[in-house]
Amino acid sequence: MKNWKRYTVTAALPYANGPVHIGHLAGCYLPSDIYVRYLRANKRDVLFVCGSDEHGVPITIKARKEGVSPQQIVDKYHEIMKQSFVDFGISFSIYSRTSSKTHHETASAFFKKMYDEGKFIEQETDQYYDEEVNQFLADRYIVGTCPKCGNENAYGDQCEKCGTSLSPTDLINPHSTLSGAKPVLRKTKNWFLPLDKLQPHIKAYLDEHKDWKVNVYGQCKSWLETGDGLQPRSMTRDLDWGIPVPVAGAEGKVLYVWFDAPIGYISNSIELLPNDWEKYWKDKDTRLIHFIGKDNIVFHCIIFPAMLMEHGEFIVADNVPANEFLNLEGDKISTSRNWAVWLHEYLEAFKDKQDELRYVLTSIAPETKDSEFTWKDYQARVNNELVAILGNLVNRVMVLTDKYFEGNVPDTKGCDDLQKFITEQREKVTQSIEEFRFREALSEVINVARHGNQLLSEKEPWKLIKTDKEQTGVILYDCLQIIANLGILCEPFLPFTSKKIFDMLQLDATAFSWKDIGRQDLVPAGHQLGKAALLYQKVEDEIIDAQIAKLQQTKAMSAPTPEPVKAEPTAKAEITYDDFAKLDLRAGTIIAAEKVEKADKLLKLTVDLGSETRTIVSGIAAHFAPEAIVGFQVCVVANLASRKLRGIESKGMILMADTADGKLEFVSPKNLTANGSMIS
RNA sequence: GGCGAGAUAGCUCAGCCGGUUAGAGCGCAGCACUCAUAAUGCUGAGGUCGGGGAUUCGAGCUCCCCUCUCGCUACCA
């Protein structure tokens, strides 16, 4: 194993369009914080960087919706997020933001250097454009009806109701959110990172890191091996919120948010250490580690490394321990649906109970697969593990020592068996943390407390005191050493608990490091202890019920959203009679239907139009079984330009009507008419 | 459709290179104890390892087929 001189640890930059929730904490910030605290306990040189990610389209949309500027949005959430991290003891060396001056300069210079060295390809592409406000539209600025679930407010890239990924062309009745106009395609110039050409480098890079977590390595391989492999990716966007592209002729364009955001790790390092940052980013003996959620894998394992390699001056990540997702009470966590436990709200209901949440989230962290947070489970883990095992051990030892020895550490020595045991536990925890298995590490910490309880049950000092005070002292001495050792051992996971333990023992926490774990003289003989105080309180049913009720209320409020009330389909622009007259609408009967191979949503229909039969491919497979629609008479747009779909030529279109419940229905003549009859 | 990950006890999850009786915690049952926040300790019951087939002396693990869940990605009125 390489002997690293220092560590640069990054935690994914949270997007500044909402507060931080338990999913963020479990997926990224707790693991990184545990790791960093562990490194610091080992006296390693470590820089822990994070900050708000404040550019990109969703923020501009949110700003528009709330009638404020994007800057106001990010200012608001930056403060909330920053405070949550402070409150939960996430020990960043710096938490800054991508709207900072330093970041603008850094990202701009980064791009400029690559541009000057010809690392980008200039390319014209067709983008959607809003002719009324004279602006290109990102996918998110285009709204229409989701073809899958009928949600009339689906975005051009995704329907948030049913989660389907979309492209703007998928939407029924697409319109610009800026003006309501129908978007048109227009040419625009952007700069692309030729990932296709860089693929060999990326592949070589990944090949050196087959030890990465299976979910991470597998995902990367999938990007390289799917289809034609990596594709060029645009690093600029037509948008007015972000970092201007520092190139002549690029007015009105900004850096792609995924280009600028990871550079934020570097910018924030510069902000903290203006004169000393380079060794954390350019020295081969620095170990760079990115903690992220699984949605960020491609950016941190492929695109950002590609950027760094092409730029040429920087080291790339040695590991990217991405977690999967945390679900909440049976559902995906969602900021927009308000299905989340927000950190700032948690602290209102559970004042000073940061470690309780840190404990539970670490215990159930989605390290290898998606996992689930439920309030009942939270209660059980806090009460049965934290309170009963750890809190109770500390309390009973303190009380016994106070009772039998007036709160003085008995004058004796510890036993070798105990030293051996704790040292072994330290090694287990160490190894688990080094391998990013924090769940396992934490459970070994608890096992130390468990061992203390076993010791007490076995030796029964409350009986022994009646006959042998000296031996009683030995037992309590050992238990006190266990507690002190736990103080160091639990610090990465439960920093607030650790502090309480050291306060109670009247010891200076900073005097100890990781290698002291195992020592039998952490609390010296004769030392006066502080007052016993409970580390944790039991969580009562009422508190939990209130939290569950709160979530149920959220669900009840968001459930009737398929309200077709205000679901007035947005009116399209007015057309003249001549426009209408251009349509050749005819009645036709479906005489055959079959599923199109290798396409989930397509049906190949054969339609009898009287004078001829047509093949029409229609994306309705999700709504109808092929055999069920044969014989239906439908309304056909007969003069629509033909188009190839999945290799089948489609000549015409079937008119469909959205129903109130989000399904589709054929528009049919009420009474059967001759196939081929005009409809007008 | 392609790709990736997953499915193991009632619940949450381990299970390294295929090797004897598949593990842990919680929950449940019983016993012990009373210093402790009715906390702790000990013991026990609970599993066709998603389904089917193959390779092997031997498969939770390898190979093939299938089902379901999550994610990425493609096609789509």
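All figures in this text were calculated on a predicted structure; none of them were measured in a lab. A note on names: the letters A, B, ... follow the listed sequences, proteins ahead of strands, and every chain is numbered from 1.
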key: Residue list, salt bridge (Lys or Arg N to Asp or Glu O under 4.0 Å) with E427(A), at least two apart or on another chain   = none
request  = Counting Watson-Crick and G-U wobble pairs whose two distances are both under 3.5 Å, find the runs of 3 or more in a row that involve RNA chain B.
outcome  = B:1-7 with B:67-73, B:10-13 with B:23-26, B:28-32 with B:40-44, B:50-54 with B:62-66
task = Answer with base, sugar-phosphate or nothing: what part of the nucleic acid does S363(A) contact at a heavy-atom distance below 4.0 Å?
result = nothing
key: Residue pairs fulfilling salt bridge (charged side-chain N to carboxylate O under 4.0 Å, His left out) with at least one residue in residues 352-366 of chain A, sequence neighbours excluded   = D33(A)-R358(A)
C68(B) and U40(B), which share atom name P, separated by this distance in whole Å = 43 Å
ask   = How would you list, by chain and number, every residue that makes a ring pair (Phe, Tyr, Trp, His ring centres under 6.0 Å) with W212(A), sequence neighbours excluded?
value = Y205(A), H209(A)
message = The side chain of L534(A) is closest to which nucleotide in this list: U37(B), C33(B), U12(B)?
response = U37(B)
query = Heavy atoms, side chains only, cut-off 4.5 Å: are V216(A) and P321(A) in contact?
reply = no
ask   = Tell me: CG of L455(A) to P of C42(B), nearest whole Å?
value = 12 Å
note = So CD1 of I465(A) and CD of Q471(A): to nearest 0.5 Å the spacing works out to 11.0 Å
key: Interatomic distance at C1', A9(B) relative to A29(B), whole Å   = 16 Å
query = U40(B), C13(B), C35(B): which one has an atom nearest the side-chain heavy atoms of K369(A)?
reply = C13(B)
Glycosidic conformation of C17(B), taking syn as within 90° of 0 and anti otherwise = syn
task = Sequence neighbours left out, what passes ring pair (Phe, Tyr, Trp, His ring centres under 6.0 Å) with H21(A)? Give chain and number order.
result = H24(A), W342(A)
query = More 5' along RNA chain B: F325(A) or T368(A), using each one's nearest nucleotide?
reply = T368(A)
Enumerate donor-acceptor pairs with a distance under 3.5 Å from any side-chain N or O in residues 379-403 of chain A to protein atoms, sequence neighbours excluded.
from, atom 1, to, atom 2, distance (Å)
Q379(A), NE2, V539(A), O, 3.1
Q379(A), NE2, D541(A), OD1, 2.7
R381(A), NE, D377(A), OD1, 3.3
R381(A), NE, D377(A), OD2, 2.9
N383(A), OD1, V539(A), N, 2.8
N383(A), ND2, V539(A), O, 3.1
N384(A), ND2, A380(A), O, 3.1
E385(A), OE1, Y359(A), OH, 2.6
R396(A), NH1, N453(A), OD1, 2.8
T401(A), OG1, V397(A), O, 2.7

request  = Please state the C1' separation for the pair A14(B) and G60(B) - nearest whole angstrom.
outcome  = 12 Å
task = For G46(B), decide between syn and anti, treating a glycosidic angle within 90° of 0 as syn.
result = syn
ask   = To the nearest Å, how far apart are D478(A) CG and C35(B) C1'?
value = 17 Å
inquiry  = Could you tell me how far apart K466(A) (NZ) and C35(B) (C1') are, to the nearest whole angstrom?
reply    = 10 Å
query = Taking atom types as modelled and ignoring hydrogens, do the side chains of E324(A) and N215(A) form a donor-acceptor contact shorter than 3.5 angstrom?
reply = yes
note = residues 383-410 of chain A vs ring pair (Phe, Tyr, Trp, His ring centres under 6.0 Å), sequence neighbours excluded, gives none
request  = Pick the P atom in C64(B) and in C3(B), then give their distance to the nearest Å.
outcome  = 12 Å
task = Walk me through it: do Y378(A) and Q547(A) pass the test side-chain contact (heavy atoms from CB on, under 4.5 Å)?
result = CA-CA 11 Å; Y378(A) 168 90; Q547(A) 289 298 323; over 6 Å; no
inquiry  = Heavy atoms only, 4.0 Å cut-off, all strands: where does V387(A) land among base, sugar-phosphate and nothing?
reply    = base
ask   = Quick one: N453(A) CG to C35(B) C1', roughly how many Å, whole number?
value = 11 Å
request  = Please report, rounded to the nearest Å, how far the C1' atom of C70(B) is from the CG atom of L328(A).
outcome  = 16 Å
inquiry  = Roughly how many Å apart are U62(B) and U56(B), using the C1' atom of each and rounding to a whole number?
reply    = 10 Å
query = Of all the choices, C70(B), C33(B), A36(B), which nucleotide is nearest to the side chain of R396(A) once you look at every atom?
reply = A36(B)
query = Taking only N and O in the side chain of Q219(A), is any of them less than 4.0 Å away from OP1 or OP2 of G71(B)?
reply = no
Please report, to 0.1 Å, the donor-acceptor pairs under 3.5 Å made by any side chain of residues 296-304 of chain A, with sequence neighbours excluded.
from, atom 1, to, atom 2, distance (Å)
H300(A), ND1, N296(A), O, 3.2
H300(A), NE2, Y265(A), OH, 2.8

key: Of residues 293-305 of chain A, the positions that come close to RNA chain B - non-hydrogen atoms, cut-off under 4.0 Å   = K294(A)
remark   = Side-chain atoms of D370(A) come closest, of U37(B), C42(B), C70(B), to C70(B)
task = Taking atom C1' in both U34(B) and G15(B), compute the distance separating them and give it to the nearest angstrom.
result = 38 Å
inquiry  = Does L535(A) reach a base, just sugar-phosphate, or nothing at all? Heavy atoms under 4.0 Å.
reply    = base
query = Pick the nucleotide of RNA chain B nearest each of W462(A) and S457(A); which residue has the one closer to the 5' end?
reply = W462(A)
request  = Using the P atoms only, state how far G50(B) lies from A45(B), rounded to an integer number of Å.
outcome  = 23 Å
query = Who pairs with D468(A) by salt bridge (Lys or Arg N to Asp or Glu O under 4.0 Å), at least two apart in sequence or on another chain?
reply = none
ask   = What's the CG-C1' distance between L400(A) and A39(B), to the nearest Å?
value = 13 Å
request  = Under 4.0 Å between any heavy atoms, over every strand shown, what does Y536(A) touch: base, sugar-phosphate, or nothing? Just pick one.
outcome  = base
query = What is the per-nucleotide protein-contact pattern of nucleotides 24-30 of chain B, from the 5' end, where B denotes a base atom under 4.0 Å from a protein heavy atom, S denotes such proximity for sugar-phosphate atoms only, and - denotes neither?
reply = -SSS---
request  = Could you check how far CG of N392(A) sits from C1' of C33(B), rounded to whole Å?
outcome  = 13 Å
request  = If a pair satisfies side-chain hydrogen bond (donor to acceptor under 3.5 Å, both in side chains) and one of its residues is in residues 364-375 of chain A, list it, with sequence neighbours excluded.
outcome  = K294(A)-D370(A)
inquiry  = Is a donor from one side chain sitting under 3.5 angstrom from an acceptor on the other, for N319(A) and K213(A)?
reply    = no
ask   = In whole Å, what separates the C1' atom of U8(B) from that of C61(B)?
value = 12 Å
request  = Using whole Å, report how far OH of Y404(A) lies from C1' of A36(B).
outcome  = 11 Å
request  = Go through C72(B), G71(B), C13(B) for me and flag the one nearest to the R439(A) side chain.
outcome  = C13(B)
